[in-house]
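Computation of the quantities below employed the complete heavy-atom set of this structure, encompassing side-chain atoms and omitting hydrogens, waters and symmetry-equivalent molecules. Sequence positions, counted from 1, serve as the residue numbers for this chain.
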Amino acid sequence: MNVSVVGSGYVGTTLSACLADLGHDVTAIDVDEETVERLDAGETTIHQPGLDPLVSAYAGSRLKATTDHAAAADTDLTFLAVGTPATEDGSIDPSGLLAAAEDVGEAIADKDGYHLVVVKSTVLPDIIEDELIPAIERASGKTDGEEFGVAVNPEFLREGSAVDDFMDPDRIVIGTDGDPRALQQLAELYEPLITDWDVPTVETGRREAAMIKYASNAFLAAKVSLINDLGNICKEFGVDTYAVADAMGMDDRIGERFLNSGVGWGGSCFPKETAALAAAARDNDYRPAMIEAAIEVNDGQPERMLELLDSHVDSEAKRIAVLGLAFKAGTDDIRGSRAKPIIEGLQNRGADIVAYDPLANEAMAEQYTDIEYVDSAAEALDGAYGVAVVTDWPEFTDLYEEFDEMADPVVVDGRRIISRRDGLTYEGLTW
Ligand code: UDX
């Protein structure tokens, strides 16, 4: 098929490259000239395992890039994969997405025949119905469900495994409100995954499809917060939460994944989407008690970590190490990273902070300029009076004699990633 993808961020670029790999001709459209030039040259600034080889393999052939939205009209269908950033009150700012929808509307105004617009961006159902579809209708002079259609096809990609998640998803959610042309086009688009890999598809309404994304992420975030809440209780009772969670996870109704308790969740999705869903609920006069509690528990975990550190060392004017700055291992992304409240808490205590992350030093240094960044965990630990372990980088498991170089080996582990216990003042956050 001939496909266009508006937005060349992490979701849009992964989508473009993977669709090319499935055999489709893809036109990536982005307002940013540099992004387009790089994509055309077969390069990307997005760090995802497996993505670079796809982009360089297909650039100039099955994958083209442009800043011109008019290109959408020459394709069968257009994905909208534009970011929906959070505003101050937690709700999302859909202006970039709506501008893209309008551009696509203008592009298809003179197109003969049906065009399908597929919403990939994470956006609440009301915005799709009340703002996005009318924007396309106004700009194109055409009617939804007649000359063009709108489908909602949310993305469940995880950072660090986005290409694998695209190629081997648990399910493909297709919200069309039953429009047979939209269903047929998306079935054809995903045919290699559906037929060759037996990926189940869920055909549903557009509103439901949009909500499935929010609900899934809210559920997963709440699952982690619940195990953290239980973990905090376990710690008080001297119980090892991980032993408890292992047995809980064997119950099929609970499941073993997302039961790693610790300093909590971050990233580009969980914080933004729980906040947006809660804000939307409150706007509709419903108090989302569970989601608010999930956010509250998550906000509290870094504070608990700092309190544990305080119970062993007075950080004022002392060298304190922070190991791990990315929101999770395998990425340089610091959005929503738990390291930020830890750093801020240590700054408030007057600590002399030294930080290390295998990928995220640079990103954090842009936001927190007053702390020392070093190139290894060993350097960070050298001479430190305490260390907060924030990200579950596998290399931290191997740390052993490096702790012997600390001025005082106080180790507060927020991810249960440190394997050495003897000779340390070791505190697990929830164990
Ligand atoms: C998430 C969703 O998994 C994905 O489907 C969606 O499309 C985008 O948001 P991502 O943000 O890449 O993906 O990270 P994920 O691996 O889900 O982890 C989210 C956060 O939860 C991380 O900060 C991670 O450290 C934390 N987490 C996860 C835990 O604290 N414990 C767990 O058991 C699992």
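Under the 4.5 Å side-chain criterion, counting only non-hydrogen atoms from C-beta, Trp393 is in contact with Leu359. Met248 is listed as a side-chain neighbour of Ile227, based on a closest heavy-atom distance under 4.5 Å. Residues Phe403 and Leu381 are in side-chain contact: their nearest non-hydrogen atoms beyond the backbone lie under 4.5 Å apart. Looking at Asn232 and Thr430, their side chains come closer than 4.5 Å, going by heavy atoms from C-beta outward. In this structure the side chain of Phe79 never reaches within 4.5 angstrom of the side chain of Val11, judged on heavy atoms. Pro341 has its side chain out of reach of Glu303: every pair of non-hydrogen atoms, C-beta onward, lies at least 4.5 Å apart. Using a 4.5 Å cut-off on side-chain heavy atoms (C-beta onward), Thr122 and Cys269 make no contact. Side-chain atoms of Leu323 and Leu399, non-hydrogen and from C-beta on, do get closer than 4.5 Å to each other.
For the pair Lys213 (side chain) and Glu155 (backbone), a donor-acceptor distance under 3.5 Å is present. Side-chain N or O atoms of Arg206 include none that pairs as donor or acceptor with a backbone N or O of Glu208 at under 3.5 Å. When atom types are taken as modelled, the side chain of Thr274 and the backbone of Pro271 share a donor-acceptor pair closer than 3.5 angstrom. A donor-acceptor pair is defined here as one N or O able to donate and one able to accept, closer than 3.5 Å; such a pair exists between the side chain of Tyr242 and the backbone of Ser261. Asn217 contributes no side-chain N or O that, together with a main-chain N or O of Ala221, makes up a donor-acceptor pair within less than 3.5 Å. Listed for the Gln48 side chain is a donor-acceptor partner under 3.5 Å among the backbone atoms of Gly160. Without hydrogens or angle criteria, Asp392 side chain to Arg415 main chain gives no donor-acceptor distance under 3.5 Å. In this structure, Thr27 contributes its side chain and Ser4 its backbone to no donor-acceptor pair below 3.5 Å. Looking only at distances, no side-chain donor or acceptor of Arg171 sits under 3.5 Å from a matching main-chain atom of Pro200. Looking only at distances, a side-chain donor or acceptor of Tyr10 sits under 3.5 Å from a matching main-chain atom of Glu159.
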Quiz item: side-chain contact (heavy atoms from CB on, under 4.5 Å) between Tyr373 and Leu325: does it pass, once the steps are laid out?
Solution: CA-CA 10 Å; Tyr373 296 89; Leu325 303 171; 3.9 Å; yes
Exercise. Evaluate the criterion side-chain hydrogen bond (donor to acceptor under 3.5 Å, both in side chains) for residue pair Asn153 and Tyr190; output intermediate values, then yes/no.
Key: CA-CA 11 Å; Asn153 173 219; Tyr190 288 121; 2.5 Å; yes
Exercise. Apply side-chain contact (heavy atoms from CB on, under 4.5 Å) to Ser16 and Leu63, showing your working.
Key: CA-CA 7 Å; Ser16 299; Leu63 176 59; 3.8 Å; yes
Quiz prompt | Chi angles and distances behind the side-chain contact (heavy atoms from CB on, under 4.5 Å) call for Leu306, Ile342 | solution = CA-CA 7 Å; Leu306 290 163; Ile342 296 283; 4.3 Å; yes
Practice problem: Kindly indicate, with the supporting measurements, whether the criterion side-chain contact (heavy atoms from CB on, under 4.5 Å) is fulfilled by Val123 and Val152. | Solution: CA-CA 10 Å; Val123 60; Val152 180; over 6 Å; no
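The two residues Val410 and Val313 have their closest heavy-atom pair at CG1-CG1, 4.4 Å. Residues Ala279 and Asp89 share a closest heavy-atom pair of CB-O, 3.9 Å. Taking every heavy atom of both residues into account, Asp177 and Gly205 meet most closely at OD1-CA, 3.2 Å. The two residues Met1 and Leu77 make their nearest non-hydrogen contact at CE-CD2, 3.7 Å. Residues Ala59 and Ala41 share a closest heavy-atom pair of CB-C, 4.5 Å. When all heavy atoms of Gly262 and Asn228 are compared, the pair lying nearest together is N-OD1, 2.7 Å.
Checked options Val6, Asp144, Val104; the residue passing with Val117 is Val104 (criterion: side-chain contact (heavy atoms from CB on, under 4.5 Å)).
Within the model, atoms CD1 of Ile127 and OG of Ser91 stand 8.0 Å from one another, a figure rounded to the nearest 0.5 Å. Residue Arg304 holds its CZ atom at 7.0 Å from CG of Leu429, rounded to the nearest 0.5 Å. The OG atom of Ser337 sits 6.5 Å away from the NZ atom of Lys340 when rounded to the nearest 0.5 Å. Taking CG of Leu124 as the start and CG of Asp130 as the end, the distance is 11.0 Å to the nearest 0.5 Å. The line from CE of Met167 to OG1 of Thr14 is 10.0 Å long, rounded to the nearest 0.5 Å. Between the CD1 atom in Ile343 and the CD1 atom in Ile371 there is a gap of 4.0 Å [rounded to 0.5 Å].
Other residues, nucleotides and ligands place no more than 12 heavy atoms under 6.0 Å from the CZ atom of Arg257. Around CD of Glu395, the count of heavy atoms belonging to other residues, nucleotides or ligands within 6.0 Å exceeds 12. For Gln367, the CD atom counts as densely surrounded, since its 6.0 Å shell holds more than 12 non-hydrogen atoms of other residues, nucleotides or ligands. Other residues, nucleotides and ligands contribute only 12 or fewer heavy atoms inside 6.0 Å of the CG atom of Asp252. By the 6.0 Å contact criterion, OH on Tyr400 is enclosed, its count of non-hydrogen atoms from other residues, nucleotides or ligands being greater than 12. When the shell of 6.0 Å around CD of Glu362 is examined, it contains 12 or fewer heavy atoms from other residues, nucleotides or ligands.
The residues Arg207 and Asp126 are annotated as salt-bridged, a charged nitrogen and a carboxylate oxygen being separated by less than 4.0 angstrom. Comment: Asp408 does not engage Lys318 in a salt bridge, judged by the lack of any side-chain N to carboxylate O separation of less than 4.0 angstrom. No salt bridge links Arg319 with Glu405; every basic N to acidic carboxylate O contact stays at or beyond 4.0 Å. The pair Asp30-Arg38 fails the salt-bridge criterion, with no side-chain N (NZ, NE, NH1 or NH2) lying under 4.0 Å from an Asp/Glu carboxylate O.
Remark: Lys223 is not positioned above the aromatic ring of Phe258, lacking an NZ or CZ atom under 6.0 angstrom from the ring centre and at most 45 degrees off the axis.
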